[in-house]
Every structure is written in C-alpha cells, then in structure tokens.
Engineer: 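Dumping the structure here so I can ask a few things about it.
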2 protein chains.
Amino acid sequence: MTTQRKPSSHTTRRNEASRRAILAAAFELVQEVGYAKLNIEGIAARAGVGKQTIYRWWPSKGAVLFDAFLMLSEQPDGGETALPDTGDLEADLKAVLRATIEELNDPRYDEPMRALNTEITHDPALAAFYAERLGGPMRELKKQRLRSAQRAGQLAEDLDLDVAVDLLWGPLLNRWLQRGGALTPGYADSIVKTALNGLRPRR
Amino acid sequence: MTTQRKPSSHTTRRNEASRRAILAAAFELVQEVGYAKLNIEGIAARAGVGKQTIYRWWPSKGAVLFDAFLMLSEQPDGGETALPDTGDLEADLKAVLRATIEELNDPRYDEPMRALNTEITHDPALAAFYAERLGGPMRELKKQRLRSAQRAGQLAEDLDLDVAVDLLWGPLLNRWLQRGGALTPGYADSIVKTALNGLRPRR
DNA sequence: TCTTCGAGACGAGACGGATCGTCTCGAAGA
DNA sequence: TCTTCGAGACGATCCGTCTCGTCTCGAAGA
C-alpha cells in the first residue's frame, strides 16, 4: 500500500495520474468480474499501465483494493466528520444504521466491500492497517455520538462504548457478510430498538 | 457439493473411501497452507486421488470445503441437540458464547472457518445451502433456548428471537472476522450482559 | 540562464513457473 | 460390459520478475 514506500528517494517521482487510474480500475473491475477473478493484469490493462508499475508500489492485490477504498474515503464527502446528534438518540441511530444498510445494498459497493472484508479476514497485517486508517476513525465517530448520549443520561453510566458499538453494528455486518437475510430499514430499526432496551422485559 | 449430483446414474458407483479422503485432505490442507494457497491438485495428491475424481463430484474449491464441514457436523458430537438450560439464562448464554469463542480461537478451526465464511460471502448459492444445512439448524437451537426463557418471563414478550440471536452472536462473529480485537471470555460476558440489559440505564 | 546528463519511473510485453479445468489412458470392480 | 478410479498430459491463464526504450525531473556546469 502507499505507506510502504521506502523512506526517501521515491515519493516525488511517482506518477499521480497512474496511481489514480490503477485504483479506479481496480474498484471498477472488482464490481464487474467479482473478487475471485480480479487480477493484476486486468487492472493494468484497464488502467493503461504497465504491470510493473503496480508491482512497484503495491505488495498484493488486496493492498491495491485497500488503497482504492482509502482514496474514496479521503475524497469528496466520503469521510464525514460527525454523526447526526439531534438529541434523540434512537432516531439518530436508526438513521445512521439505515444509511449503512443502504450503502451495503448498493451494487456499486457490495462486491468491493466483500472483497475488502475477505482480505482483512485472511491478512492480519492488512487488518491492522485497516483498523488504523478506516475502521478506527469510523468507530471513534460512533463512540463520540454514544458518549454524548451517555453524558445526557440516555445510556448506562458504566456502559463500555466499544461493546455498544459492536452490539449495534455487529449484527448488521454479520447478517450482510453471511447473507443471513435481507438488510431492510425495518431490520435496522429493530436492532437499534432491541439493543437500546435490551432483551429482558422492562417494567 | 454432494447434493449437486446429477439426478440418477451416479450415486451408487461412488467410492466412499475416496470421498472421505478428499474431504479430510481439504480440511487438513486449509489449516496448513491457508485458504489462498489451497488448491485442488494439492488436495488430490494428499488424498491419493486423481484430480478428475474431485472435479467429477464437486463444482468448486468452496464446495469441497463446505462438504468437509458437513462431514464434521454430522459426525460424533459435532452436532449437539440442545443448548444448556439451567434456568439461569445469563449464565447459560455466557457459557455458550464462551464455547463459541473457544472454537473460533482454536487454530484447528480458525483458518477453515474463515475460508468457509469467505466462500459464503462471495457465493449466494453456497450461502443458501449453508443456511439450510448448518446455519439454520444451529440458529434454531439458539432460538429454542431463548424461547424457553421468553416463556419463563425472562425475555420481553414482543421480542423478535431472530434479532435476539443476531444481537448476541453478531458482535462476536463480526469482531472475529474483522479481527477487531481479541476474543476473550470477558468479552463474551460483556456482550451477554449488555444485550440482556440494553444500552439504556435501568432504574 | 541555458544546456547537459544521470536517476528513476513509466508503458509495454517476453519469460518461466504454477495452477487451472479438461481430456485420455488402462486397471479395477460391480 | 459399463462406470469409476488413479494417474498424468495438455492448453490456457495468471503469477511475479525482468528487460527493453522513452519520459520527466532536478542537479551540475557553462
């Protein structure tokens, strides 16, 4: 991935146009042919680039795909700065989870995101890098919204916010990855409502 | 997979010893070399079998691996008939989730199960078959235990048991797949406790 | 300021190796 | 006699490396 450059020399000479063309081609191709049939030669051909230019800068197919995601998230609007905070925690969470679902259901993102998950599952190094660059910051946004609610007394005082995030997003992502059923807005609402209230009856 | 045989002809002549050898070899090899480097020729060599014998009966690498799991689950002790029900719901759930964690952390199962998840993620047909043969029955066991608790008034009356199962196991599996942190017994306890009580404060 | 020159990155593609999935063979067995 | 079996040859594909000749850029020298 980009960050694995050798210390000095490099860096300046790199052709930015080629880099962008490669990442765009990788992202397009994984949608079209699927992750299994995605190959370097195809990416190079689509990008109008020599294979060596890819091998020079990225160590693996997964790293290319990962950088493609980084590129998206760093670009226009891809990275939001905060989650909505209207004061109504349940409504806000439902909105955010519905948005997540919409993204997962979007055919433009479905295959690429599955591919990214596959790489992460099989490569601990990539998983660590993902956690640092994408997963971590996103999780922090979620925790910020929850922390705000916690201060307002809407969440249990001793609540572990990491567990809370897992409880809200884990079911969603797991159902999506395992194809355990359709991801509908109603399902998102159900998760939020049940997670907030708990499985036990409230008197 | 086995169920994709052509209607008649086949079936009788099939060499059961070869079938078992192939599935065992696939399961061993995926542990040793990882999913990415698992290949048909290797499985055939390890099983002492011609490649064609594999291609004759299975449509893909994933299908072989899937059948290997089916073989395990149908064998001794692989399939349990019910979850523990001592009357103490929280303790029972913690025990079950701890057991799940132990299995996921077991190096014998880690790689093969990641591989299976990868196949499911990228192949809807395999996902449907998995849901029918393995996922569905296991989910039913979990729902049975929850239903028992619901009848005892320990769970909300209007609780959707599918959502409840997702809420308990989703976070666990998601953290495991995404390598979002260590799966410890304490984490399992935390999930159970938080899911049961909910994120909101209880007075 | 203008020219020269070396260092890399670049597009293109040849190359050997690995694995794919198909195909063919003779042996074994039902 | 008919199908599966183990074994392995086969062409195709993709791998990752390597070698071309071209280009861009910054430093050195006039």
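Letters A, B, ... mirror the listed sequences (proteins, then strands); counts begin at 1.
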Engineer: If you look only at pairs with a residue in residues 178-198 of chain B, which of them pass as a ring pair (Phe, Tyr, Trp, His ring centres under 6.0 Å), with sequence neighbours excluded?
Structural biologist: none
Engineer: Under 4.0 Å between a side-chain N or O of A/W58 and OP1 or OP2 of D/dG16?
Structural biologist: no
Engineer: Salt bridge check, B/K51 against B/E41: does any charged N sit closer than 4.0 Å to a carboxylate O?
Structural biologist: yes
Engineer: Applying salt bridge (Lys or Arg N to Asp or Glu O under 4.0 Å), name anything that partners A/R46, two or more places apart in sequence or on another chain.
Structural biologist: A/E28, A/E32
Engineer: Only pairs at least two apart or in different chains count here, so list each ring pair (Phe, Tyr, Trp, His ring centres under 6.0 Å) that has a residue in residues 102-126 of chain B.
Structural biologist: A/Y35-B/H122
Engineer: Is any side-chain N or O of B/T53 closer than 4.0 Å to OP1 or OP2 of D/dG6?
Structural biologist: yes
Engineer: Check this one for me: any side-chain N or O of A/S18 less than 4.0 Å away from OP1 or OP2 of C/dG11?
Structural biologist: yes
Engineer: Please tell me if B/R56 has a side-chain N or O lying less than 4.0 Å from either OP1 or OP2 of D/dT4.
Structural biologist: no
Engineer: Quickly work out the B/N15 CG to C/dA27 P distance and round it to whole Å.
Structural biologist: 19 Å
Engineer: By the salt bridge (charged side-chain N to carboxylate O under 4.0 Å, His left out) test, which pairs, at least two apart or in different chains, include something from residues 96-105 of chain A?
Structural biologist: A/R98-A/D189
Engineer: Dot-bracket for DNA chain C, please, read 5' to 3', with Watson-Crick or G-U wobble pairs under 3.5 Å on both distances, ( ) within the strand, [ ] crossing, | other strand, . unpaired.
Structural biologist: ||||||||||||||||||||||||||||||
Engineer: How long is the line joining CD1 of A/I43 and P of D/dC14, in whole Å?
Structural biologist: 12 Å
Engineer: Filter on salt bridge (charged side-chain N to carboxylate O under 4.0 Å, His left out), then keep only pairs touching residues 164-185 of chain A, sequence neighbours left out; what's left?
Structural biologist: A/R139-A/D166, A/D166-B/R175, A/R175-B/D166
Engineer: Quick one: salt bridge (Lys or Arg N to Asp or Glu O under 4.0 Å) partners of A/K143, sequence neighbours excluded?
Structural biologist: A/D162
Engineer: I'd like to check the salt bridge (Lys or Arg N to Asp or Glu O under 4.0 Å) partners of A/E16; sequence neighbours left out, ordered by chain and number.
Structural biologist: A/R19, A/R20
Engineer: NZ of A/K61: more than 12 outside heavy atoms within 6.0 angstrom?
Structural biologist: yes
Engineer: Just by protein heavy atoms under 4.0 Å, how would nucleotides 20-25 of chain C read 5' to 3' in B, S and -?
Structural biologist: BBBB--
Engineer: Round to the nearest Å and state the distance from A/I54 atom CD1 to C/dA9 atom C1'.
Structural biologist: 14 Å
Engineer: Strictly below 4.0 Å: does A/W57 bring a side-chain N or O up to OP1 or OP2 of C/dC10?
Structural biologist: yes
